[in-house]
Each structure stands twice: as C-alpha cells, then as structure tokens.
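Report on the structure given below.
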4 protein chains.
Amino acid sequence: MRISDKHQKITQAAIKVFARKGFFNARISDIAKEAKVADGTIYLYFNNKYDILISMFEDEIGKIILRVRLLIDQEEDPRKMMEIFALNHLQLIEGKRDLAEVLQMELRQSNKFMKEYRNKKFIEYIDIISTIVRKGQKMGLFRQELLPGIIKCAYFGALDEMSRLWILSQKPPYSIKEAARQVSDMFLHGMMTRKT
Amino acid sequence: MRISDKHQKITQAAIKVFARKGFFNARISDIAKEAKVADGTIYLYFNNKYDILISMFEDEIGKIILRVRLLIDQEEDPRKMMEIFALNHLQLIEGKRDLAEVLQMELRQSNKFMKEYRNKKFIEYIDIISTIVRKGQKMGLFRQELLPGIIKCAYFGALDEMSRLWILSQKPPYSIKEAARQVSDMFLHGMMTRKT
Amino acid sequence: MRISDKHQKITQAAIKVFARKGFFNARISDIAKEAKVADGTIYLYFNNKYDILISMFEDEIGKIILRVRLLIDQEEDPRKMMEIFALNHLQLIEGKRDLAEVLQMELRQSNKFMKEYRNKKFIEYIDIISTIVRKGQKMGLFRQELLPGIIKCAYFGALDEMSRLWILSQKPPYSIKEAARQVSDMFLHGMMTRKT
Amino acid sequence: MRISDKHQKITQAAIKVFARKGFFNARISDIAKEAKVADGTIYLYFNNKYDILISMFEDEIGKIILRVRLLIDQEEDPRKMMEIFALNHLQLIEGKRDLAEVLQMELRQSNKFMKEYRNKKFIEYIDIISTIVRKGQKMGLFRQELLPGIIKCAYFGALDEMSRLWILSQKPPYSIKEAARQVSDMFLHGMMTRKT
DNA sequence: GATGAATGAGCTTTCATTCAT
DNA sequence: GATGAATGAAAGCTCATTCAT
C-alpha cells in the first residue's frame, strides 16, 4: 500500500466522521475504525486531531479550486463564469455531501478555534469570485462602483447558506440547478450595467 | 434579586465565554466565574451546558426579531425594509459583538450537534426576509419569478458572510454602513422589475 | 474534613504507592484508590503527577529537617551531633520505611528528571552536616584541612547507602543502631585531631 | 559486521540516551536513532527495553570491575588499594560521564523496579572494598572491630554521593583527585589502628 | 539479518455534573 | 436558593513491541 493511501484513507474517514458527529464530538477511535486502521496509525500521518481537520481542509479545498478554475478558464464571459462558480459550489452537496457538511461547519468553527490559522486556501477559493467581478468590470459588464471584495463575500455567503439549507432539510424544496440559477441570476441582474 | 437576574447574568456570561473560546472549549467553570456565581448555581437555571447555548440562542434571536420587526413595521416600502434588515443585521457586530460571534459560529456548529433541534427562532428570523420579498412582489416591485425561499437564504447568507469577514479581520476594509448599502443595493437591483 | 486532610491523605497514599511501584510505574488511579478518593480529586490538590512527587518530597524532608534540628540543638558536642544525625537518618527506615524508600529512589531519579528543579530542601538537609563539621573545626575537635563540603557528601552518602542496603535486604545483617554507630564512629575517628 | 558490533552500538547508544533522559523517558526509537539502526533491530539483540538496561548494566560494571581489579592487584598495601578504588570510581565521571550518570540513577531506580533482579555484578563491585578491608585487618592495619560489610557500604556510598554532586553541579568546587584523596584519607584515618 | 509501518493497550488529565452543607 | 468539593467517565495521545517484507 502506498504511503499516501493510508493518509487518504484516514482523511476520507475523518470527513465521514466529522460530518456525522462534528469535529469535537468525533473521537480519534471513530476515525480509526472508519478508516480501518489502529488509533495509533493516525498519529503516523497527522500530528493531532486538529491537524487532521486542517490538513483535510486544505487538501479538499485545493481540489475544489483546481476543478472550478478548470471550468472557469474555458469560459470567456464573466457572467457565465459566475454561473459556473455557483453551480459548481452547490453541486458539491450532491457529489461530496459529507465534505460539504464538514467544510460548512468547520469553516465557521474555525472562527474561534483556528484564530491563528490564516485560512489561505479558503481565501484563494473566494478570491476566484472577486477576480471574475474585476474582469466583468473591465469589460464594462458589471457596474464600476461595486466593490469586488464585498461581492465575493456576498456571493459566497449566499451560495453557502443555500448549501446549509440543503444539508439541513431532508427534502429540499428546489433543485440545486434551480437554486444556482436563481442566485447567480439575481446577482448578475444586480451587478450589470444599464446597457447590458 | 429576581430569579431572572441570575438567569440573565449567566446567559450574558455564556455569550462572552462562548465568543472567546467557542462552545466546546468553554468550561462551565469559566461561565460561572464570568457570571460570578458558583458552578452548581448554573444547574439551577439550566439543565446542562448545551441547554445554556440553546436557551441563550432563542432568547437573543428573539430580541433581535422584536427589534427588527419594530423598525420594519414603520416602513411602507419593501425596498426600504430590505435595507433596514441588512443594516440591522450587520450592526449587531458593533452593538453586540460577542453575541454576533456566537450566533455566527454556533449556528453552523448546530448543523451537526443540534441535529434534532429544529431551529424555530432562526427560521422566524430569516422568514422576515421572505415576507418582505412577497410584499414587494405583490406590490409589483420585485420580479414575480423570484422564489422568496431562495432570496431569503441568499440575502441572509450574503449578510452573514459579511459579518464573518468583519469578525475575523482586525481592521475591516469597509464601514458597516457601506457594506450594508452595497449588499442591499445589489440585491434590490437584482430583484426589481424593469419599470422600477 | 479539613482541606489539608485530603492533601495529607493523597500525599501519604502517594508515598505508599511510589514505594511499592516507583514513580513511573505508579498510576494516578493507584494513588487515588490508596487514598480512597476519585482520580479527579487528586488534581484539585496537585497540578500533575510530578507535582505530587515534588510536593511530597519537600513536605517530608521539611519534617525530617525539623526533627533532626531539634535533636541536634540539644547537644553541645559536635561529635554527638554527628552521631545523632546518623542515627536519625537510619531510623527513618524503621519509622517511615515507605518514605525512606521513596526519598532514596526519587532523590536519584531526580538527577535527570528534576534537572531544572534545584533541590533546596535536600541541600538544606545535608547542610546540617557541614554546619556541624564547621562547628567541630572551630572547637578544634575536627581537623582543619577537611573540607566540610566534601564531608557532608561523604557522610550523607555513606548513611544513605546503608539505608539502601537495609531496604533491599530482607533480613539485614546488622542492627540500625550498630550501623549508625559504626559509620559515625569511623567518620569521627577519621576527622578528629591527634590530641582528641 | 560482527554480531557483537550491533550489540555494542545499541548498548552505547542506550547509555547516551538513558543519561540524557532517564530510563523511563527514553524511547526505544531514541536509542535506535542514536545507534543508527531500525527500532526492530534492537529486538534482535535484546528482549525488551528493560533488558537493555540490565544487560548494559552488567556489561559495564563488569568492565569496571576488571579494570579496578587490575589496578588493585598491582598493589600490596590495602591503604593504597582503598585510594585506588576511590580515585578509579570518581574518575568514571571524567572518562565515561554518561555511563556514570546512568549507573548512579538506575542503581537506585532499580530498587523498586528490579525487585526480583539480584544485582550480582554490583555486589561483586562493592565486595572489592570489603575484601580490601579484610586484608587490611589481617595485616593489622585496620581496626578489628570494623565490620567490612558496613565499611564497604559506607565507602561506596560516600564515593557515589560525591559522584552525584559532580554530575549535578555544572562547575564542581573540588577536583576529582582532591575529592578522592579527602574521602579515602578520612576513611583510612578512621579505620586505622593506633600504632599505624 | 534488518527494517520501520502498524498496532493497541494503557495512561494522564479534563470537566460536566452532582449533592452534602 | 447557593455553594464548590468531589466525582469518574471519557478521550487524546504515546510508545514498546511485532511482523510482513
């Protein structure tokens, strides 16, 4: 077994367990059992429980960034890009529900307990939005007076709260595509210049 | 001393301590010390640690609902109402920073660890938004095809993510008013019908 | 129960357990069981396992110092004082065998693991010897060329090694009094000036 | 590489590590790293951690015995022999400081945790002293009433406590030779018959 | 023989909760 | 009602030892 396989197995197990119980209620032995390794084995790959969270966080956000960048780079129109970002973010719930839950939850928990940990990867992720906004402004599509730093926050926040709704509700009232369309549609309407 | 005074003192102490350390890292004895009561006294007013959180949550959201309703009821124009909601939500950070932090954080943590707890008060709070949206749609101000259930999510999410930015950053790049204005402005632009 | 009673109970239990198993092999739960308190109770009186050792060490050496000083202060003749010190030290094995074992053992363990901990109480104890030696030199009883700092080491070391022999052997070949007499006698012979 | 080479390497590494951290705080992996072998390799040469200690102990005391016997056998005069023993014992600190520390420490720790282990080699070592004493008594040099079993204890204890002082103090107040001379001088004075 | 990844028992310490005062 | 000393279950983490390679 390649070394990275154990690391992977533990990370994936941790995602499942954190999603099920939350970080604090998850026991190392839960993760170990889920990963089918001994408790001690986890400490060969991670320094401590918290390190599992951080490490997993960065790995997975990293992958998400790669994927969404790939999709966005194929587009020319910033309006399309905004749609793609929205759809991609929300589809995470379908494709990797456990991961979506954990990111949701831990991102906020991190407020307090990652105080020192400047969340570079996450910033990188939402900066994708502000980059699109700036591109749209340069092309005259989006209003100049909008602050990209605020839009990125608002857009991500809107999408993420949609995610939360989905995760919490057993049978969500709308399809993911519909929700993504509505949110991006409304933001685009709100951002576009008169002429467009 | 009225019975509710001790209850209040403990609740306020809990807000401070939860804000400082997070729910899981907060110790009952921390709260007791902050409230200047004995550890055991807390159990005369709350069933357990978790109950402090829930109880505090409902009380405080309740107060916020009362206040924002009061402000909104003085308005006629749904567009103004939307602005008021935004400003009021963001101003929480200034007025009651600790509370803002706790609501932020615990709302998400709750995903997992309040599983059974259907968060009625919170739903009541964000339903204020959908009520406004519906009012605006009836008055022909907002586009009919918008789903109020999605808008409420998106609007709240956008505002709350702005909050998060403020709480995390030492010196925020924008004023709260400016942020509230931009977010509500953009949503209103996005929601309004052509004619308006 | 007075607060100091629990502290005392735990200290005495620790002495027993450390004597039986040694510091490292002793479990907190062993001490708790011996003291008939809960594991957690120990941490109300001591910071950690190591703190039990240090604290006990200082308390008990303190008591020994008081007692031996009392006895010595009743004497005029430094030669008698030396005898008293020897007898008193060796009698510890009879009176407080467990304590004797622990002091024996931990004093040496401390070499490594108390590195930072400058063992004031112990130094105070053996300095009693050098004080006697100096007194004897002033009175012209002991040879002037003897270094009190070396004598104190040698005298204490000799006595303590006698202790060790007793502790280890099931049926010691000599009585404690006989041993104390021989050791002090030999040192006194070795230290005295010609005339005496 | 001869089999004994690995054994030697591990033993020497263990001495270093035990001296640095003490037996209980030393990890097998520390010793393995110091010896530049794999953790598992240690178990090809020793049964367990404890066995490393015992085995090392016996080997090294064995060497010391050989050396001091060699030196003593060249002498005729028991008084000289006593001096040689003292000097040789104390010089261990200079020549093999780590070993000296370990012997010091573990000899005492062993009290408890080597309970079953009857320390033959150590007994052999200190019996060298009683043999000298008996020889001196036969030659009429040392007083007949002295018990060789007590003298050996006292002499060894005195020397070993001197060692401890050296090991603990950063800059010892006396030279090793001076200390050895004072101790043996004082014992010899104390032991000798009138006439001599 | 040599390796070092994997194991899992075992331990210290924490802290929510209780209850005698 | 109020207290806070006492409880003891629970869990993160370590590390001696094993064994497949």
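Quick caveat, the model's predicted, so the values are computed rather than measured. All values below come from the heavy atoms of this structure, side chains included, with hydrogens, waters and symmetry mates left out. A, B, ... follow the sequence lines: proteins, then strands. Residue 1 opens every chain.
Taking atom CG on B:Leu53 and atom P on E:dA16, their separation rounds to 13 Å, with Å as the unit. The NZ-C1' distance, from B:Lys9 to F:dA2, rounds to 11 Å in whole Å. Here the P atom of nucleotide E:dT12 and the CZ atom of C:Phe23 are 9 Å apart, to the nearest Å. Atom pair C:Asp39:CG and E:dT12:C1' shows a separation of 9 Å (rounding to whole Å applied). In this structure, C:Asn48 atom CG and E:dC11 atom C1' are separated by 14 Å, rounded to whole Å. Spacing between atom NZ of A:Lys36 and atom C1' of E:dA6 amounts to 17 Å, rounded to whole angstrom units. As rounded to whole Å, 14 Å separates atom C1' of E:dT14 from atom CD1 of C:Ile42. Going from atom NE2 of C:His7 over to atom C1' of F:dA5 covers 16 Å, rounded to whole Å.
Residue B:Ile28 is in base contact, counting any heavy-atom pair closer than 4.0 Å across all strands shown.
Comparing E:dA16, E:dT3, F:dC13 by their nearest atom to the side chain of B:Lys49 picks out E:dA16.
Looking at which nucleotide of DNA chain E each of A:Ala38 and B:Gly40 is closest to, the 5′-most match is held by A:Ala38. Map A:Asn47 and D:Asn47 each onto its nearest nucleotide of DNA chain F; the residue landing nearer the 5' end is A:Asn47. Comparing C:Tyr43 and A:Leu44 by the nucleotide of DNA chain E whose heavy atom lies nearest to each, the residue mapping closer to the 5' end is A:Leu44.
Ring orientation note: the planes of C:Tyr50 and C:Phe23 are nearly perpendicular, at an angle over 60° on the 30°/60° scale. Using cut-offs of 30° and 60° on the angle between ring planes, the pair A:His7 and A:Tyr45 is perpendicular.
No more than 12 heavy-atom neighbours from other residues, nucleotides or ligands sit within 6.0 angstrom of NZ on A:Lys16.
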Practice item. With salt bridge (Lys or Arg N to Asp or Glu O under 4.0 Å) as the test, would you mind laying out the steps for D:Glu124 and D:Lys120 before giving the verdict? Key: CA-CA 6 Å; D:Glu124 200 183 325; D:Lys120 279 185 205 166; over 6 Å; no
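The side chain to side chain contact (heavy atoms under 4.5 Å, CB included) with D:Phe46 is formed by just one residue from the set D:Ile10, D:Ile54, D:Leu53; it is D:Ile10.
Heavy-atom minimum distance, C:Ile28 versus C:Asp39: CG2-O, 4.4 Å.
For E:dA16, neither phosphate oxygen OP1 nor OP2 lies less than 4.0 angstrom from any side-chain nitrogen or oxygen of B:Tyr50. At least one side-chain nitrogen or oxygen of D:Thr41 sits closer than 4.0 Å to the OP1 or OP2 atom of E:dT3. For F:dA6, one of the phosphate oxygens OP1 or OP2 lies less than 4.0 angstrom from a side-chain nitrogen or oxygen of C:Lys6.
Base-pairing analysis of DNA chain F finds the following stems of at least three consecutive Watson-Crick or G-U pairs, with both pairing distances under 3.5 Å: E:2-21 with F:2-21.
Using a 4.5 Å heavy-atom cutoff, the side chains of B:Glu60 and B:Val102 are not in contact.
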